[in-house]
Novice: 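Pasting a structure here, questions to come.
Not measured: the values here are computed from a predicted model.
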Amino acid sequence: MTAIVGSHHYKVGWFDSPYQDHVAFSVLVWIIYALLLTIVIIKFYRLKWLVSLFIADFAFHIIMEKMDILVINSFWNPVFFSVILMLLLMLIRKLNNYMFPSF
């Protein structure tokens, strides 16, 4: 998504290249997200967990922005990332229910 819309980039300082920096940190973040989303989708798909995940994701983006690790384009807001995450979560849940109706 970042490459298409230019919404944000990470600058952690691990590499000289800003592109390597962004990709390395982004992969790490999405591995953690994938684990959390899998657990929420399979075990804890309830409103309170969705709200908790939304708040945690929003707080993560705010903290990363305050630490100057996350640079957000001026047309974006950290809340947009959390909304997109919730939409993605609901879409994956619908797909999971369609593909595996017995779970």
Novice: Walk me through it: do His8 and Phe81 pass the test ring-ring contact (aromatic ring centres under 6.0 Å, His included)?
Specialist: CA-CA 10 Å; His8 68 287; Phe81 298 115; 4.8 Å; yes
Novice: What's the spacing between Ser52 OG and Leu36 CG if we round to 0.5 Å?
Specialist: 12.0 Å
Novice: Determine the interplanar angle of the Tyr33 and Phe60 rings, folded into 0 to 90°, and report it as parallel if under 30°, tilted if 30 to 60°, perpendicular if over 60°.
Specialist: perpendicular
Novice: Is the shortest side-chain heavy-atom distance between Leu85 and Phe54 below 4.5 Å?
Specialist: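 Not in contact.
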Novice: With a 4.5 Å heavy-atom cut-off, do Asp57 and His61 have their side chains touching?
Specialist: yes
Novice: Could you grab the distance from atom CD1 of Ile92 to atom CG of Asn96, nearest 0.5 Å is fine?
Specialist: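 It is 9.0 Å, given to the nearest 0.5 Å.
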Novice: Between Ile63 and Leu70, is there a side-chain heavy-atom distance shorter than 4.5 Å?
Specialist: no
Novice: Report whether Phe80 and Val71 are members of the same hydrophobic cluster (ILVMFWY, side-chain heavy atoms less than 4.5 Å apart, transitive linking).
Specialist: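 In one cluster with Phe80: Val71, no.
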Novice: Are any non-hydrogen side-chain atoms of Lys11 and Ile69 less than 4.5 angstrom apart?
Specialist: no
Novice: When Ile, Leu, Val, Met, Phe, Trp and Tyr are grouped by side-chain heavy atoms lying under 4.5 Å apart, directly or through other members, which residues fall in the same group as Leu91?
Specialist: none
Novice: Strictly distance-based, threshold 3.5 Å: is any side-chain N or O of His22 a donor or acceptor partner for the main-chain N or O of His9?
Specialist: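 Not at all, since once roles are kept as given, no pair shorter than 3.5 Å links the two residues.
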Novice: Val23: which other cluster members, linking ILVMFWY side chains closer than 4.5 Å, directly or transitively?
Specialist: Val27, Ile31
Novice: Report yes if the side chains of Met86 and Val83 come closer than 4.5 Å at any heavy-atom pair, otherwise no.
Specialist: no
Novice: What are the two closest non-hydrogen atoms of Met90 and Tyr45, and how far apart are they?
Specialist: CG-OH, 3.3 Å
Novice: When you compare the side chain of Asp21 with that of Tyr10, does any pair of heavy atoms fall below 4.5 Å?
Specialist: no
Novice: Given Leu89 and Leu53, is the side chain to side chain contact (heavy atoms under 4.5 Å, CB included) satisfied, shown in steps?
Specialist: CA-CA 10 Å; Leu89 181 66; Leu53 188 62; 3.9 Å; yes
Novice: Is there a path from Leu95 to Phe100 through hydrophobic residues (I, L, V, M, F, W, Y) whose side chains come within less than 4.5 Å of each other?
Specialist: yes
Novice: If Ile, Leu, Val, Met, Phe, Trp and Tyr residues are connected whenever their side-chain heavy atoms lie under 4.5 Å apart, and connections chain through other members, are Val51 and Ile39 in the same group?
Specialist: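 Unlinked, Val51 and Ile39 end up in two clusters.
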Novice: Look at the side-chain heavy atoms of Ile, Leu, Val, Met, Phe, Trp and Tyr, link any pair under 4.5 Å apart, and say whether Leu35 and Val40 land in one connected group.
Specialist: no
Novice: Check ring-ring contact (aromatic ring centres under 6.0 Å, His included) between Phe44 and all other residues, then give those that pass, not counting sequence neighbours.
Specialist: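 ring-ring contact (aromatic ring centres under 6.0 Å, His included) check on Phe44 returns Trp49.
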